[in-house]
Amino acid sequence: HRAEAEAARVEPTGADGELPIGEGQVRMLSAVATGHKWSDDQLHTLLSGYQCNSRKEIKLRDFDAIIGRLKQGPGKAA
């Protein structure tokens with residue numbers, strides 16, 4: 001998983017962490033969500049906890065935490 005390895009290398013700090021994720025990260029997040037059987041409603045609920053209304057609003061600083069939560073599956077506790 002080359003894209004996953006590249007995304008994992010991003011360690012945003014300071015102002016960079018406020019930037020939105022890129023298109024590749026949006027696609028990766030969508031693939032992880034689909035692979036772990038998240039519905040659109042479940043994903044929206046999760047993202048709203050990060051003050052995001054869409055995948056494109058996810059901040060770099062939150063990306064790794066969101067991916068980790070998605071990999072746990074929708075029925076698991078946060």
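Along the sequence shown, residues carry numbers from 1.
In terms of the side chain to side chain contact (heavy atoms under 4.5 Å, CB included) criterion, residue partners of Ser54 (sequence neighbours excluded) are, by chain and number, Lys56, Glu57. Ser39 is linked by a side-chain hydrogen bond (donor to acceptor under 3.5 Å, both in side chains) to Gln42, counting only residues two or more places apart in sequence or in another chain. Residues meeting the salt bridge (charged side-chain N to carboxylate O under 4.0 Å, His left out) test with Asp40, sequence neighbours left out: Arg55.
Looking at every heavy atom in both residues, Pro20 comes nearest to Leu60 through O-CG, 4.2 Å.
We find the CG-CD1 distance between Asn53 and Ile58 to be 11.0 Å, quoted to the nearest 0.5 Å. Taking NZ of Lys37 as the start and CG of Leu70 as the end, the distance is 14.0 Å to the nearest 0.5 Å. Here the straight-line distance linking atom NE2 of His36 with atom CG of Leu43 works out to 12.5 Å at 0.5 Å rounding.
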### Query
For Trp38 and His44, what are the C-alpha separation, side-chain angles and deciding distance, and is it a side-chain contact (heavy atoms from CB on, under 4.5 Å)?
CA-CA 10 Å; Trp38 285 77; His44 180 75; over 6 Å; no

### Candidate pair Lys59 and Leu19, rule side-chain contact (heavy atoms from CB on, under 4.5 Å), full reasoning
CA-CA 5 Å; Lys59 301 218 183 324; Leu19 295 173; over 6 Å; no

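By the 4.5 Å heavy-atom criterion applied to side chains, Asp62 and Ile21 are not counted as neighbours.
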